[in-house]
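For reference, positions follow the sequence shown, starting with 1.
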Amino acid sequence: MTSDDNRQTRSTEEAVRDCAIRAKRSCATLHNATDTAIDTALRAMADRLRAARSTLTSANEEDLAAAVSAGMSPALQDRLRLTGPRLESMAAELRTLADVAHEPRDKALEERPDGLTLLERRRPVGVIGANFEARPNVTLDIASQFLKSRNAGVLRTGSAALRSSRALVDQVIAPALGEAGLDPDAIQLVPSEDRSAAYALVSLPELIPLVILRGSGDSTRDLSREAARHGVRTLAHADGGGVLYVDAAADDKTAHQLIADSLDRLGVCNRLNLLLIDRSVYAERLPGILRLLERLGVNASLPPHPHPRGYEWSLDPKRAATVTVDAADGPLHAARIANDETSGLAAAIATEDPAAAARFIDAYTGSGVFWNSTTRLLDGFKLLRLPETGINIDRVPGPRGPVSFRDLYLRQYLVVPSGRFTS
């Protein structure tokens with residue numbers, strides 16, 4: 001590393017620390033804010049999306065032009081693009097979130113025989129970091145979840161979306177916080193394009209004890225390891241890829257519709273990645289499925305595969321329009337393949353046989369399982385009617401699946417004299 005590189009890294013680290021300090025100073029106003037103030041800020045953000053549309057789309061067009069020049073794939077360009085309908089959808093999600101009831105701060109667990117009451121209290125984490133892919137809408141998704149849970153945030157996005165994200169923070173988020181009487185510094189966006197900013201974000205346990213990680217598998221796993229080295233906890237969304245098993249008792253029309261619905265966007269994690277067809281009907285069903293994939297503009301990778309069966313096509317920009325196809329020996333075998341050879345994000349079964357569906361559902365251990373419905377539903381707003389900060393696929397206790405504001409609290413036990421405490 002040259003001296004110039006060292007100076008750049010130190011400058012980036014200082015920028016991240018400065019963002020973290022600003023966010024931490026705002027925590028008290030968030031912790032003490034009324035539910036009404038929080039929801040007022042969310043609705044103001046929705047209103048400002050419409051008022052600032054020309055500024056937002058202009059910044060996004062600059063990002064898109066730079067992405068095209070850099071050779072970004074069409075699938076990734078689609079994730080980067082902010083259209084009028086997408087802005088309207090983002091505003092609708094914010095208003096929906098504002099209408100969702102806040103979680104109670106205290107919940108009574110037991111009136112004890114010794115004259116004491118045991119309660120469970122929710123406390124905000126404080127400052128939460130987030131490192132995410134070049135998708136401007138994620139900036140707003142994550143910021144809104146932090147706000148609803150009364151946590152401040154330090155956001156870092158890929159360089160491809162930095163102009164768009166900056167415009168969202170400056171034109172939408174910060175002014176809306178100010179209008180609601182909250183500190184506009186509560187949501188910070190790291191201004192640096194340098195990759196070292198991501199590593200700085202996971203190295204400040206005294207300021208940012210928890211970081212949400214989204215993005216490509218290898219880089220996210222590397223950041224998780226770096227965070228662990230510094231004592232920073234992470235909720236990591238490194239891998240995805242939906243699985244669909246077409247059972248022998250599947251209805252052709254239903255199976256084909258599920259395939260099409262699962263491939264409406266190729267650059268997202270919950271799209272169809274691995275298609276398993278029951279071996280007893282493989283030869284019969286395959287030709288129709290191949291014709292469908294051809295109409296959808298998607299290639300089929302057929303056995304023998306020159307890649308792992310669970311290879312994630314959305315992370316391969318040049319070949320994103322690909323689905324792996326293989327045979328499975330029944331629902332249990334299909335579930336084992338999904339468990340052992342894919343990320344464990346989501347799997348679906350197409351079948352008219354309830355017994356086959358039950359076998360598959362009981363055997364699959366991933367974060368979401370679906371019967372005659374698409375894995376694209378494993379998304380915060382589609383599944384829970386809430387925006388998400390990411391999808392956690394850890395195989396240990398903790399928030400799993402789409403992570404919303406309800407998961408961004410610390411649990412505290414509180415013991416008080418019975419009848420003497422009002423929260």
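Of the listed residues (T351, V246, N372), just one forms a side chain to side chain contact (heavy atoms under 4.5 Å, CB included) with T254, and that residue is N372. Each of D170, N137, T139 was scored for a side chain to side chain donor-acceptor pair (under 3.5 Å) with S165, with one residue passing: T139. A salt bridge (charged side-chain N to carboxylate O under 4.0 Å, His left out) with R163 holds for exactly one of E61, E193, E62; it is E62.
Looking at L97 and K148, their side chains come closer than 4.5 Å, going by heavy atoms from C-beta outward. In this structure, I128 and I208 have side chains that are not in contact, with every pair of non-hydrogen atoms separated by 4.5 Å or more. The shortest distance between side-chain heavy atoms of L274 and I337 falls below 4.5 Å. Two residues are said to be in side-chain contact when any heavy atoms from C-beta on lie closer than 4.5 Å; L147 and L30 meet this criterion. Between L275 and T324, the closest side-chain pair of non-hydrogen atoms is not below 4.5 Å.
Listed by first and then second residue, the salt bridge (Lys or Arg N to Asp or Glu O under 4.0 Å) pairs involving residues 362-385 are D264-R376 (not counting sequence neighbours).
Atom CD of E103 is separated from atom CG of D35 by 10.5 Å, given to the nearest 0.5 angstrom. Separation of atoms CD (E88) and CD (E93) is listed at 12.0 Å; rounding is to 0.5 Å. Note that CG of L223 and CZ of R214 are 14.5 Å apart. Values are rounded to the nearest 0.5 Å. Interatomic distance, CG of N131 versus OG of S219, reported as 7.5 Å (0.5 Å rounding). Rounded to the nearest 0.5 Å, atoms NE2 (H31) and OG (S26) are 8.0 Å apart.
No donor-acceptor distance shorter than 3.5 angstrom exists from the side chain of D78 to the backbone of P74, with no hydrogens or angles considered. Listed for the R285 side chain is a donor-acceptor partner under 3.5 Å among the backbone atoms of A250. Looking only at distances, no side-chain donor or acceptor of E120 sits under 3.5 Å from a matching main-chain atom of L109. Between the R122 side chain and the R406 main chain, a donor and an acceptor come within less than 3.5 Å of each other.
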Practice prompt. Could you check D326 against Y282 for side chain to side chain donor-acceptor pair (under 3.5 Å), going step by step and ending with a plain yes or no?
Written response: CA-CA 9 Å; D326 208 348; Y282 184 85; 5.4 Å; no

Practice prompt. Tell me, with the steps shown, if E226 and R229 meet salt bridge (charged side-chain N to carboxylate O under 4.0 Å, His left out).
Written response: CA-CA 5 Å; E226 183 70 7; R229 193 171 72 82; 2.9 Å; yes

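Taking every heavy atom of both residues into account, L155 and I142 meet most closely at CD2-CG2, 3.8 Å. Scanning all heavy atoms of the two residues, the minimum distance from A300 to V325 falls at CB-CG2, 4.0 Å.
Using a 3.5 Å distance cut-off with no hydrogens or angles, the side chains of D194 and S196 do pair a donor with an acceptor. Between the side chains of H307 and S301, at least one donor N or O lies within less than 3.5 Å of an accepting N or O. A side-chain donor from one of Y311 and D316 sits under 3.5 Å from a side-chain acceptor of the other. For the residue pair N151/Y409, the side-chain donor-acceptor check at 3.5 Å is not satisfied. Side-chain contact annotation: T374 with D261, donor-acceptor N/O pair under 3.5 Å absent. Under the 3.5 Å distance criterion, with hydrogens and angles disregarded, a donor-acceptor pair is assigned to the side chains of T365 and N339. Using modelled atom types and a 3.5 Å distance limit, the side chains of Q188 and R22 yield no donor-acceptor pair. Residues Y245 and D247 bring a donor and an acceptor atom of their side chains to less than 3.5 Å of each other. When only modelled atom types and interatomic distance are considered, S164 and D63 share a side-chain donor-acceptor pair under 3.5 Å.
With a 6.0 Å radius and a threshold of 12 heavy atoms from other residues, nucleotides or ligands, R50 has its CZ atom at or below the threshold. At most 12 non-hydrogen atoms from other residues, nucleotides or ligands lie less than 6.0 angstrom from CZ of R233. Remark: R195 CZ is packed, more than 12 non-hydrogen atoms of other residues, nucleotides or ligands lying under 6.0 Å away.
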